Amino acid sequence: ETGVTQTPRHLVMGMTNKKSLKCEQHLGHNAMYWYKQSAKKPLELMFVYNFKEQTENNSVPSRFSPECPNSSHLFLHLHTLQPEDSALYLCASSQASGRDSYNEQFFGPGTRLTVL
Amino acid sequence: GQNIDQPTEMTATEGAIVQINCTYQTSGFNGLFWYQQHAGEAPTFLSYNVLDGLEEKGRFSSFLSRSKGYSYLLLKELQMKDSASYLCAVRARRNTGGFKTIFGAGTRLFVKA
């Protein structure tokens, strides 16, 4: 138990559905992250939020829409996904990082997403 | 563009020392991460190197040479529980502002008795 929870743990959706992934951290952190891990592909950092502001967007398609209403919650809104978007989506949190420093990230257990 | 290379697999013996190398090519280099990931689990942050040199943290140490585009993760007194994938990732500044982080494919380490 890392103090980072994700719901749902498993999700199956059709390509025309709209769904949202939720992440919540109970560690008093102020930075949050979304990662994608596909089978046989490198881990991909999708988005970074520091103090609710998006500071990194690694060329993620617009069918993935993040939302960070406060420092404890992070959402990933999904719409018109493709089968190749099936993957494990991991959330992490940390203390906010500066230009030349990076604080330890704590990961949630992930949401296993399957797009049919 | 960015390119990160690390060996696909390594095998080492319990109690030994193993060095996992990572080479990278990128512009706007800011820092380099190492993560550990056991099968079926989320990654665990190990280190973030910004400056050249060796940083030690218990049995694990991470080294960076910015001029050579090279890093390594050193694991001492190997234990069976160290069998995992080790991910190298590079953080770099974008030309348009902000940062991007790219991961290598990971090195699967097998520790045998």
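Below, chains carry the letters A, B, ... as their sequence lines are ordered, and counting in each starts from 1. All values reported here derive from a predicted model rather than from experimental measurement.
Within 6.0 Å of CG in B:N95 there are 12 or fewer heavy atoms belonging to other residues, nucleotides or ligands. Annotation for B:E77: atom CD does not count as buried by contact number, only 12 or fewer foreign heavy atoms lying within 6.0 Å.
Hydrophobic clustering of Ile, Leu, Val, Met, Phe, Trp and Tyr side chains at less than 4.5 Å, counting indirect connections, unites A:L11 with A:L81. The hydrophobic clustering, which links ILVMFWY residues whose side-chain heavy atoms are closer than 4.5 Å, places B:Y86 and B:M10 together. A:L45 and B:F45 fall within the same hydrophobic cluster, defined by Ile, Leu, Val, Met, Phe, Trp and Tyr side-chain heavy atoms under 4.5 Å apart, directly or through other members. If you chain together hydrophobic residues whose side chains sit under 4.5 Å apart, B:Y24 and B:L73 fall into the same group. Under a hydrophobic-cluster definition in which Ile, Leu, Val, Met, Phe, Trp and Tyr are linked whenever side-chain heavy atoms come within less than 4.5 Å, directly or via other members, A:V60 and A:Y49 are assigned to the same cluster.
The contact list for residues 104-116 of chain A toward chain B, using heavy atoms and a distance under 4.5 Å, reads A:E104, A:Q105, A:F107, A:G108 by residue number. Using a 4.5 Å heavy-atom cut-off against chain B, no residue of residues 21-34 of chain A qualifies as contacting.
Once rounded to the nearest 0.5 Å, the distance linking CD of B:Q37 with CG of A:L43 reads 6.5 Å.
The salt bridge (Lys or Arg N to Asp or Glu O under 4.0 Å) check on A:R63 picks up A:D85, with sequence neighbours excluded.
Interface remark: of the candidates B:P43, B:A42, B:G31, B:P43 forms the most heavy-atom pairs closer than 4.5 Å to chain A.
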Donor-acceptor pairs under 3.5 angstrom involving side-chain atoms of residues 101-113 of chain B: please list them, not counting sequence neighbours.
from	atom 1	to	atom 2	distance (Å)
B:T101	OG1	A:E56	OE1	3.3
B:T107	OG1	B:Q6	NE2	3.0
B:T107	OG1	B:P7	O	2.5

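At a 4.5 Å heavy-atom cutoff, the contact between A:L90 and chain B is made by side-chain atoms alone.
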